[in-house]
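Below is one structure, written out as structure tokens, with a few remarks after it.
Everything numeric here is computed off the predicted structure, so don't read it as measured data.
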Amino acid sequence: MPELEIVRRAGLLDYTEGLALQQRLRADVVAGRSPGALVLCEHPSVYTAGRRTEPSDLPTDGSPVADVDRGGRITWHGPGQLVAYPIVRLAEPLDVVAWVRDLEQVIIEAAAAVGVFAERVEGRSGAWTSQQGGRAAEGAPTAKVGAIGLHVAEGVTSHGIAINCTNALDAYAAIVPCGIADAGVTTLSAAASRTISVDEVAAVVADRIQAAVDGMHSRNRISSTARQETLV
């Protein structure tokens, strides 16, 4: 699989501009002009609502919300959070769930690279950790450290993942993040008890997303490989 075009914007990328950028890149993939692209960015503070968002999820303080065509429910993006948009054609036969599992594996491996143990939680998408202050916290509730929301049309996926790195968490208090009322959110920095910057995580994410795309097309998915290694 050819290497993805990496689009890394300095500073904060306005969310509306980011949507327009995704649409342009997606059009190139659909038309066969591009093998795929990966946008790595940070957004100014913004709430975004996916197609499954319920009224009860919305901000209690009346903050504006951007409605988007991705799956999932409401979430927040902002400074200190890495957002990665892989815009690629999915392999045939189309398996969106398998791609979600691959992206979860990307988050899990990126967390592991900076010393944070993250994992899946059955029945919930994304990556979760109970680690606090650099060590496993026995009996501590799991908190979400990475979220996923996708849009797939004409065999091409857009939108992607968000990983909390150094961002403040107060914006989440006004919403029901991802529609999950009985769990919290955290950052890699809080879990590791050290500052883990967006730049530190971005390089790992770029590498693992390329591996996920390569594995998808070679029928050797990184999520399947990880499960096999766990069983050995």
Please identify each residue that fulfils salt bridge (charged side-chain N to carboxylate O under 4.0 Å, His left out) with E119, with sequence neighbours left out.
none
Mind checking what makes side chain to side chain contact (heavy atoms under 4.5 Å, CB included) contact with D170, not counting sequence neighbours?
A168
Quick one: closest heavy-atom pair of V88 and V29, and the distance?
C-CG1, 4.2 Å
Just jot down the side chain to side chain contact (heavy atoms under 4.5 Å, CB included) partners of S189, sequence neighbours excluded, or say none.
T166, T187, I196
Side-chain donor-acceptor distances from residues 7-14 under 3.5 Å, at least two apart:
unit_1	atom_1	unit_2	atom_2	d
R8	NH2	D199	OD1	2.5
D14	OD2	T16	N	3.0
D14	OD2	E17	N	3.2

E5 and L25, any side-chain heavy atoms less than 4.5 Å apart
yes
Verify side chain to side chain contact (heavy atoms under 4.5 Å, CB included) between R120 and I108, making sure each step is shown before the conclusion.
CA-CA 8 Å; R120 295 175 180 84; I108 289 168; 3.7 Å; yes
How close do Q105 and I222 get, heavy atom to heavy atom, and via which atoms?
CG-O, 3.8 Å
Taking the side chain as every heavy atom from C-beta outward, state whether Y172 and N164 have any pair of such atoms under 4.5 Å apart.
yes
side-chain hydrogen bond (donor to acceptor under 3.5 Å, both in side chains) partners for Y85, two or more places apart
H43
Pair up each side-chain donor or acceptor in residues 148-161 with any protein partner under 3.5 Å, not counting sequence neighbours, and list the distances.
unit_1	atom_1	unit_2	atom_2	d
H151	ND1	D69	O	3.2
E154	OE1	R26	NH2	3.1
H159	NE2	D69	OD1	3.0

A112 meets the side chain to side chain contact (heavy atoms under 4.5 Å, CB included) criterion, sequence neighbours left out, with none
Just grab all the salt bridge (Lys or Arg N to Asp or Glu O under 4.0 Å) pairs involving residues 31-48, residues at least two apart or on different chains.
D28-R33
Looking at residues at least two apart in the chain, or sitting in another chain, which of them share a side chain to side chain contact (heavy atoms under 4.5 Å, CB included) with E54?
S56, D57, R73
Please tell me if the side chains of R70 and T75 come closer than 4.5 Å, counting only heavy atoms from C-beta onward.
yes
Which residues pass the side-chain hydrogen bond (donor to acceptor under 3.5 Å, both in side chains) test with Y15, not counting sequence neighbours?
none
State, with a plain yes or no, whether a side-chain heavy atom of S34 is found less than 4.5 Å away from one of I87.
no
Got a sec, which residues hit side-chain hydrogen bond (donor to acceptor under 3.5 Å, both in side chains) with D61, two or more places apart in sequence or on another chain?
S63
Quick check: closest heavy atoms across G126 and K144, and the distance to 0.1 Å?
CA-CE, 4.1 Å
Using the test side-chain hydrogen bond (donor to acceptor under 3.5 Å, both in side chains), find all partners of R208 that sit at least two apart in sequence or belong to another chain.
E109
